[in-house]
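First comes the structure, then the notes that go with it.
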Amino acid sequence: MDHLPPEHADIVIVGGGVIGWSVAYWLKKMQTKKKAYNVLVVERDTTYSHASTVLSAGGIRQQFSRPENIQMSLFGAHFLRNINEYLGILNEDPVDVQFNPSGYLFLSSEKGAEILEENYRVQREQGAKVALLSPEQLKKKFPWINTQDVALASYGLENEGWFDPWLLLSALRRKALSMGVLHCHGEVTGFNYVTQEMVTSDGDPVNFRRIHEVIVQAQNSLETQPVECMAVVNAAGAWSSKVAEMIGIGCGSPGTFQEFKLPVEPRKRYIYMFHCPNGPGLDCPLLIDSSGAYFRREGLGGNYIGGLSPLEEEEPDHSNLDVDHEYFQQKVWPLLAYRVPVFESLKVKSSWAGYYDYNTYDQNGVIGTHPLVPNFYFACGFSGHGLQQAPAVGRAVAELLHNGQFTTLDLTSFDFQRFIFQQPILERNIV
């Protein structure tokens with residue numbers, strides 16, 4: 001029976017990516033003798049071949065417009081810089097996620113300069129170390145940039161750059177397992193729950209549900225095992241909406257709270273690795289062009305990775321992770337070569353695709369419980385920011401489970417109810 005999950009766990013986390021393992025780690029870190037948890041992480045993709053975490057570009061930045069997003073990434077940078085205080089294990093090698101603090105560089109045209117300035121003011125107020133550069137200052141610092149239509153640039157001076165996503169995921173997983181977290185290779189296929197019907201002041205019936213068992217199908221098997229639990233965390237990334245539907249979220253009648261689905265879906269993003277021997281050197285930041293195209297240095301020797309998020313009407317088929325090489329030739333390369341003229345001679349070496357757990361409503365994460373399923377917690381929908389926000393999100397969800405409220409960062413505005421009451425969170429710096 002070793003291949004089956006345990007019959008009981010206090011908290012079941014659906015999804016073993018960086019968010020799921022971060023929640024598991026923080027739960028064990030917060031537990032006390034009086035309040036200890038059995039935590040189970042269920043992951044279906046044991047090779048992580050389709051996991052958003054390990055297929056990402058690994059960036060971290062504080063250049064957002066929402067104070068909460070800035071604060072989450074500030075804590076993420078602190079976590080990375082002090083990672084062995086958090087994830088170090090006695091008598092094992094120190095953790096090194098290869099954090100490269102080369103900064104982010106946002107370029108703006110005349111049209112977007114005012115917004116860039118407004119974002120800069122918010123970032124500085126929140127404690128982020130960011131500088132605005134004029135076209136002349138930009139050209140002096142990075143002479144390889146074509147500044148012809150750049151009106152303003154924003155440059156991260158500290159705590160921004162990139163790191164190895166796989167090394168962070170592995171370190172979180174290894175530390176959580178050493179603290180007693182349980183791990184199961186399998187897929188959550190449903191929930192057993194009890195329903196309580198109540199009536200509103202207007203006389204409308206409302207069904208509250210409480211999960212008491214998670215149904216887990218063992219890997220490469222038809223066998224299923226119910227896992228009795230007190231709470232469930234939905235950290236299933238791009239597939240978190242399907243997990244929510246298993247408990248009836250988004251499946252109700254029109255005009256009811258149950259009709260509001262979790263607006264998260266997979267979106268495929270291409271990353272291309274290319275070589276340019278005369279390209280930008282060691283001071284190369286992660287550059288976000290005003291066109292949306294981006295690139296960063298990848299190691300040494302003139303290697304880079306880059307890409308471009310497609311327009312809404314050009315979203316590729318996400319049923320597979322095949323790469324469209326013509327997309328680079330027709331869409332990405334012309335933009336990169338215009339901004340960095342030496343990239344005219346670049347050569348693509350390899351490429352891959354990964355998934356965003358894309359929140360179609362406002363491209364921000366969903367953190368907290370569902371109003372009708374009080375023991376079902378969301379930690380999903382980060383739309384490309386989940387990796388850098390994982391330490392803060394894991395801590396926040398663990399605080400909700402442990403204390404019943406946020407105690408460090410107040411992330412109340414990211415809860416599910418914003419979909420019901422039509423209160424989108426505006427974030428201007430989505431890449």
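By convention here, the first residue in the shown sequence is residue 1.
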Crowding at CD, E259 (>12 non-hydrogen neighbours, <6.0 Å): yes
Backbone N/O of W144 and side chain of K139: donor-acceptor pair under 3.5 Å: no
Residue Q148 excluded, over 12 heavy atoms near CD under 6.0 Å: no
Donor-acceptor pair between N159 and R81 side chains, under 3.5 angstrom: yes
Under 3.5 Å side-chain donor-acceptor pair for E399 and T408: yes
R267 with E312: basic N within carboxylate O range, under 4.0 Å: yes
Nearest heavy atoms of N278 and V342, plus distance in Å: O-CG2, 3.9 Å
K331 with E326: basic N within carboxylate O range, under 4.0 Å: no
Donor-acceptor side-chain pairing of N119 and Q63 below 3.5 angstrom: no
Min side-chain heavy-atom separation V188-I215 under 4.5 Å: no
Pair N359, N364: side-chain N/O donor-acceptor within cut-off below 3.5 Å: no
Gap between atom CD of Q71 and atom CG of D410 - 0.5 Å precision: 11.5 Å
Aromatic plane relationship, Y86 with H78 - under 30° parallel, 30 to 60° tilted, over 60° perpendicular: perpendicular
Aromatic ring proximity Y272/Y304, centre distance under 6.0 Å: no
Distance-only donor-acceptor check, side chains H370 and R209, under 3.5 Å: no
Any donor-acceptor N/O pair, R339 side chain to N146 backbone, under 3.5 Å: yes
Pair E92 + R174: basic N to acidic O under 4.0 Å: yes
Pair S413, E68: side-chain N/O donor-acceptor within cut-off below 3.5 Å: yes
Where F328 and V348 come nearest, the two heavy atoms and their spacing: CE2-CG2, 3.3 Å
K35/D10 salt bridge by N-O under 4.0 Å criterion: no
Any side-chain donor near an acceptor of the partner, Q217 and T189, under 3.5 Å: no
R269/E315 salt bridge by N-O under 4.0 Å criterion: yes
Check against side chain to side chain contact (heavy atoms under 4.5 Å, CB included), M72 and V393: CA-CA 7 Å; M72 280 194 278; V393 171; 3.9 Å; yes
Ring geometry between Y104 and F106 (parallel below 30°, tilted from 30 to 60°, perpendicular above 60°): parallel
Pair D362 + R418: basic N to acidic O under 4.0 Å: yes
F378 and F414 aromatic centres sub-6.0 Å: no
Non-hydrogen atoms of V264 and G381 that approach each other most closely: CG2-CA, 3.7 Å
Mutual orientation of the aromatic rings belonging to F79 and W26 [parallel < 30°, tilted 30-60°, perpendicular > 60°]: tilted
Parallel, tilted or perpendicular, as decided by the 30° and 60° cut-offs, for the rings of Y356 and Y358: parallel
E245 CD: over 12 foreign heavy atoms closer than 6.0 Å: yes
